[in-house]
Amino acid sequence: MNILITIIAAIVGLIVLLLIIALFIKKETVIEREVIINKSKPEVFEYIKHIKNQDKYSKWNMTDPNMKKEYKGTDGAVGFVYSWDSENKNVGKGEQEIKNISEGEKIEMELRFVKPFVGVSDTSMATQSISEKQTKVKWGFKSKSKYPMNLMSAMMEGMLSKDLEIGLNNLKNNLEK
């Protein structure tokens, strides 16, 4: 009986400790990764502003080639919505909408997740000319988490950073072929 009480006390203590830690963890996650692509800025921007092209470089899109996809609107234009639904828990269900385009500079999108969790995040891709034939692409991700779910932010940040880097490297390889 004493062992059971000790185990329960340890579990309760761990939960209380995690809840206290969550009080001090930021509630907003901001991740940015970048890559330099040996192509002109207009070529790169024209490619990244079309969401359907993410099937060729985004790690998430490539995780489940059998996921159901739906499109509404004109790809590469504000208001375009790409929806996905996958049985793969690493892909889940949700949609991505183009919210703003600064032509040749930046595309801003809203991600709306349905499963495995509900949430809304902002993402963007920006281009910067390094030279006539070199372009820096910056892929950014921003989300907010309420207490105590913000405890997951640090873990998510590491996973998302790696996935953005994979996607940017795929993008670079595709465009430089």
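These numbers come from a predicted model, not from an experiment.
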Please report the interatomic distance NZ(Lys93) to OG(Ser86), rounded to the nearest 0.5 Å. 11.5 Å
Any Ser129 side-chain heavy atom under 4.5 Å of Thr135 side chain: no
Should the heavy atoms of other residues, nucleotides or ligands under 6.0 Å from NZ of Lys133 be counted, would the total exceed 12? no
Compare all side-chain heavy atoms of Tyr47 with those of Lys56 and state whether any distance is below 4.5 angstrom. yes
What distance separates Thr29 OG1 from Lys142 NZ, expressed to the nearest 0.5 Å? 11.5 Å
Passes side chain to side chain donor-acceptor pair (under 3.5 Å), Gln54 versus Gln96? Steps please. CA-CA 11 Å; Gln54 289 183 4; Gln96 177 174 290; 3.3 Å; yes
If you group Ile, Leu, Val, Met, Phe, Trp and Tyr by side-chain heavy-atom gaps below 4.5 Å, do Ile48 and Ile130 land in one group? no
Please collect all ring-ring contact (aromatic ring centres under 6.0 Å, His included) contacts where either partner lies in residues 83-124, sequence neighbours excluded, each pair once. Tyr82-Trp84, Phe113-Phe117
Could you see if Leu111 belongs to whatever hydrophobic cluster contains Val118? Use Ile, Leu, Val, Met, Phe, Trp, Tyr and a side-chain cutoff under 4.5 Å. no
Heavy-atom check, side chain of Val120 versus side chain of Lys144, under 4.5 Å: no
Can you measure from CG (Asn174) to CG (Asn53) and round to the nearest 0.5 angstrom? 9.0 Å
Cluster question for you: counting only ILVMFWY and a side-chain heavy-atom cut-off of under 4.5 Å, with indirect links fine, are Val114 and Ile51 together? no
Strictly distance-based, threshold 3.5 Å: is any side-chain N or O of Asp75 a donor or acceptor partner for the main-chain N or O of Lys52? yes
Just wondering, do Ser143 and Glu28 contact through their side chains at under 4.5 Å, heavy atoms? no
For residues Trp60 and Val91, report the shortest heavy-atom separation together with the two atoms involved. O-CG2, 4.0 Å
What do the steps show when you test Lys41 against Glu105 for side-chain contact (heavy atoms from CB on, under 4.5 Å), and what is the final call? CA-CA 9 Å; Lys41 184 178 169 184; Glu105 302 293 325; 2.8 Å; yes
Are more than 12 heavy atoms, taken from residues, nucleotides or ligands other than Glu87, located less than 6.0 Å from that residue's CD atom? no
Can you confirm whether Phe141 sits close enough to Val30 that some side-chain heavy atom of one is under 4.5 Å from a side-chain heavy atom of the other? no
Between Glu103 and Lys49, is a salt bridge (Lys or Arg N to Asp or Glu O under 4.0 Å) present by the stated rule, with each step listed? CA-CA 9 Å; Glu103 195 58 49; Lys49 83 174 190 178; 3.1 Å; yes
Distance in Å, Gln128 CD paired with Lys136 NZ, rounded so as to fall on 0.5 Å steps: 4.5 Å
Is it the case that over 12 heavy atoms from other parts of the model lie below 6.0 angstrom from the CD1 atom of Ile3? no
For Met62 and Pro65 the tightest heavy-atom approach is O-CD, 4.0 Å
Atom of Glu95, atom of Ser83 and distance for their closest heavy-atom approach: OE1-OG, 3.4 Å
Begin with the C-alpha distance, continue with both residues' side-chain angles, and end with the deciding distance and a verdict on side-chain contact (heavy atoms from CB on, under 4.5 Å) for Glu176 and Ile37. CA-CA 7 Å; Glu176 291 181 357; Ile37 298 174; 4.1 Å; yes
Are Phe45 and Ile36 connected, step by step, through hydrophobic side chains (Ile, Leu, Val, Met, Phe, Trp, Tyr) whose heavy atoms are closer than 4.5 Å? no
Any side-chain hydrogen bond (donor to acceptor under 3.5 Å, both in side chains) pairs touching residues 115-125, not counting sequence neighbours? Thr123-Trp139
Before giving the answer on side-chain contact (heavy atoms from CB on, under 4.5 Å), spell out for Ile101 and Phe80 the whole-Å C-alpha distance, their side-chain angles and the decisive distance to 0.1 Å. CA-CA 11 Å; Ile101 297 177; Phe80 177 75; over 6 Å; no
Hey, what do you get for OG1 (Thr6) to CD1 (Ile11), rounding to the nearest 0.5 Å? 11.0 Å
Using a strict threshold of under 4.0 Å (side-chain N to carboxylate O), is an ion pair present between Glu165 and Lys59? no
Val81 vs Ile98, side-chain contact (heavy atoms from CB on, under 4.5 Å): CA-CA, chis, key distance, verdict: CA-CA 7 Å; Val81 177; Ile98 297 176; over 6 Å; no
Within-4.5 Å side-chain heavy-atom neighbours: Ser102 and Asn100: yes
Taking atom CD1 of Ile166 and atom CG of Asn170, what is their separation to the nearest 0.5 Å? 7.5 Å
If every non-hydrogen atom of Arg33 is compared with every non-hydrogen atom of Ile31, which pair is closest and at what distance? NH1-CG2, 4.2 Å
Close side-chain approach of Arg112 and Glu110, heavy atoms under 4.5 Å: yes
Between Lys69 and Asp55, does any NZ, NE, NH1 or NH2 come within less than 4.0 Å of an OD or OE carboxylate oxygen? yes
Quick one, Val137 and Met125 - any side-chain contact, counting heavy atoms below 4.5 Å? yes
